[in-house]
Amino acid sequence: HSVTMPSQSRGLLKRDRRDLVAEFCALAPKRDPISIQTWSWRRVALTAGVAGVTALLTMIAVSNLEGIGLL
């Protein structure tokens, strides 16, 4: 895993001979990794629904623009 830190701090750590990141990781309590995103049937259905509604609204907008002669 990478560590996010300012470039000045990263430069100081590179000059230091100790592996401070590993030392801090060893001090931290062990925990399970956190999942960033989990896909479920509910999320897939919601995404498909939003895509469908967006397509429908786009078709209505294009139809209205064609109806008034702008397209």
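Not counting sequence neighbours, Ser63 has no partner by the side-chain contact (heavy atoms from CB on, under 4.5 Å) test. Partners of Asn64 under the side-chain contact (heavy atoms from CB on, under 4.5 Å) rule, at least two apart in sequence or in another chain, are Ile60. By the side-chain contact (heavy atoms from CB on, under 4.5 Å) test, Ser9 is found to be paired with Met5, Pro6, residues two or more places apart in sequence or in another chain being considered. Residues passing the side-chain hydrogen bond (donor to acceptor under 3.5 Å, both in side chains) test with Arg18 are Asp16, sequence neighbours excluded.
With side-chain heavy atoms closer than 4.5 Å counting as contact, directly or through intermediates, the hydrophobic cluster containing Trp39 also holds Val44. Residue Leu70 belongs to a hydrophobic cluster whose other members are Val62, Leu65, Ile68, Leu71, with links defined by side-chain heavy atoms closer than 4.5 Å.
In this structure, Gln8 places its CD atom where only 12 or fewer heavy-atom neighbours from other residues, nucleotides or ligands lie under 6.0 Å away.
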